[in-house]
Amino acid sequence: MRVSPFTRFVAASGLTNLADGVATVAWAWLASLLTRDPLLVAVVPVALRLPWFLFAIPAGLVADRVDRRRLILGMDALRALAFLIAAAALWAALPLDPAPAKGVSDPGLFALILGAALLVGIAEVFRDNAAQTMLPALVPHDRLERANGRLWSIELAGNALIGPALGAMLIALALPLPFLANAAAYALAIVLVARLTGRFRPEPSGPRDWRRELREGFAFLAGAPLLRSLAWITGFWNLLFQMVMIALVLHVQENLGLGAPAYGLILAAGAVGGIAGGFWGEAIIARLGPKRTAQVMLACTAPSFLAIALAPGALTLALVLAVFEFTGLVWNTVSVSYRQRMIPDRLLGRVNSLYRLLAWGMMPVGLIASGLIVRASGAVMPREVALVMPFLAAALGAAALGAIGWRALGRGFAQA
């Protein structure tokens with residue numbers, strides 16, 4: 001039976017996102033075993049997200065110059081190597097000393113893990129930008145909503161449904177196993193992408209000059225008001241989301257008294273909602289229209305963050321995350337499909353990278369802000385209350401973002 005290029009592409013994305021889901025639990029849980037300081041726990045995911053701020057623009061320039069398939073292959077190989085290094089270092093450091101309230105129990109291991117996470121983050125920037133700009137070459141433009149919905153659903157199944165639960169089980173067996181499993185997943189993804197056929201290098205628009213090419217990207221984004229609105233709204237949404245998700249690690253452990261398996265299953269429940277959003281997003285957009293769909297999904301963010309803070313146990317928290325991920329996936333279906341459809345292929349890498357600089361570059365700010373909020377709150381209130389403060393701060397921020405974003409989206413879609 002002949003397997004379509006899109007199917008191979010989706011399968012490879014599913015494997016890499018399965019690895020990302022395993023890493024979601026592995027990185028944060030390992031950090032919490034080396035230190036109980038919430039700010040230091042946040043430093044590890046910062047190393048994963050900071051490259052989106054530092055390398056988004058170079059990644060866009062590269063994606064518009066090279067064969068995007070080859071770029072994906074190289075970045076997946078780099079991530080596999082980084083996880084192998086992390087696994088070997090962790091294996092050599094076992095057993096770990098108890099985590100102190102301040103500082104870290106093993107500074108050398110902590111530094112190496114930070115370095116590996118930074119390498120993985122850099123490779124992810126180049127890989128994800130290339131993959132998103134490659135999708136319009138695999139499916140017709142009139143099927144982008146369906147293709148993105150299916151792709152996001154498969155990615156979520158790996159990233160937030162199977163991955164976190166698998167990561168938690170692997171941690172329970174042996175700490176290095178999640179990192180070894182990730183290296184294997186990337187290797188399989190490389191095999192699938194290597195077998196894709198087609199033309200994935202964009203046609204040059206003139207002599208190669210990175211300054212001129214970058215100006216073209218800026219000029220296109222500057223002339224697209226709706227694209228700019230989607231970018232900055234997504235950026236602030238991601239900032240608030242990262243505040244919540246990194247705070248969730250210690251909240252689940254200390255306030256709810258749950259272990260790694262329960263944490264993984266809570267994240268998995270959120271993924272179920274996201275997968276449903278991926279499959280139903282096309283129908284919702286057809287029913288409400290892109291503008292109203294984006295506005296409604298954005299408005300659901302603040303109540304979701306508040307409900308996370310108030311959820312008394314694992315089941316209610318899982319239900320809240322399921323609803324939250326549903327709305328987030330439908331939002332992504334609107335924004336990504338619009339971006340892929342309106343940006344010319346020769347500019348897609350550059351404009352996409354500038355968009356994601358705004359949309360993803362805010363993530364490290366949210367991670368650091370969450371740790372600072374807990375640390376500052378802990379000085380004047382009990383720790384169990386301080387651990388909830390990032391959720392409340394995120395809910396207030398999301399309420400403001402929803403009010404401002406509602407009007408910006410209305411104007412933007414009207415002009416578009």
Side-chain angles (χ1 to χ4, degrees), residues 49-68 70-72 75 121-137 141 144 148 200-242 290-291 294 298 331-366 401 404-405 407-416:
R49 298 307 179 193
L50 186 61
W52 280 104
F53 180 78
L54 300 176
F55 294 97
I57 292 177
L61 290 169
V62 171
D64 281 345
R65 288 186 174 209
V66 305
D67 186 312
R68 291 159 178 167
R70 292 182 179 273
L71 182 57
I72 289 172
M75 294 302 102
I122 293 171
E124 183 181 11
V125 174
F126 284 86
R127 199 268 185 204
D128 283 7
N129 193 59
Q132 202 165 83
T133 55
M134 188 172 154
L135 181 62
H141 277 204
L144 281 173
N148 278 306
F200 303 113
R201 180 195 289 266
E203 293 290 343
S205 59
R208 291 301 189 189
D209 179 348
W210 70 268
R211 294 180 181 85
R212 177 188 61 81
E213 294 172 45
L214 191 56
R215 285 196 299 270
E216 284 182 339
F218 272 111
F220 188 92
L221 185 60
L226 176 56
L227 200 60
R228 293 199 312 273
S229 294
L230 290 170
W232 70 256
I233 291 171
T234 304
F236 281 104
W237 187 94
N238 281 335
L239 183 156
L240 299 171
F241 176 71
Q242 293 299 318
K291 180 186 78 170
L298 179 63
W331 163 274
N332 279 337
T333 302
V334 174
S335 62
V336 174
S337 299
Y338 175 78
R339 189 162 80 242
Q340 290 170 333
R341 183 177 289 115
M342 74 162 296
I343 304 171
D345 183 64
R346 67 179 185 84
L347 289 171
L348 193 52
R350 281 164 283 169
V351 179
N352 198 51
S353 68
L354 292 170
Y355 180 99
R356 298 186 85 171
L357 174 63
L358 295 172
W360 288 59
M362 302 288 280
M363 288 184 176
V365 179
L401 179 63
I404 299 170
R407 297 183 61 186
L409 291 170
R411 291 193 302 267
F413 276 102
Q415 293 172 0

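As the structure is a computational prediction, the values presented were derived from the model and not from experiment. Heavy-atom basis, side chains included; hydrogens, waters and symmetry copies ignored. One is the number of the first residue; the rest follow in order along the sequence.
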Donor-acceptor check, side chain of [X] to backbone of [Y], threshold 3.5 angstrom: yes or no?
X	Y	value
R228	A222	yes
R201	R65	yes
R68	A63	yes

Stepwise side-chain contact (heavy atoms from CB on, under 4.5 Å) check, F200 with L71: CA-CA 10 Å; F200 303 113; L71 182 57; over 6 Å; no
What distance separates [X] [atom1] from [Y] [atom2], expressed to the nearest 0.5 Å?
X	Y	atom1	atom2	value
M362	L240	CE	CG	8.5 Å
L214	D64	CG	CG	10.5 Å
L298	L401	CG	CG	5.0 Å
I72	N129	CD1	CG	10.0 Å
F413	L226	CZ	CG	4.5 Å

Heavy atoms only: give me the nearest [X]-[Y] pair and the separation to one decimal.
X	Y	answer
A59	V125	CB-CG1, 3.8 Å
K291	L409	CG-O, 4.1 Å
V334	P290	CG1-O, 3.9 Å

Step-by-step side-chain contact (heavy atoms from CB on, under 4.5 Å) determination, I233 to W331: CA-CA 11 Å; I233 291 171; W331 163 274; 3.7 Å; yes
Aromatic plane relationship, W232 with F236 - under 30° parallel, 30 to 60° tilted, over 60° perpendicular: perpendicular
Beyond-backbone contact of R339 with L230, side-chain heavy atoms, under 4.5 angstrom: no
F220 six-ring face occupied by R350 cation (under 6.0 Å, within 45°): no
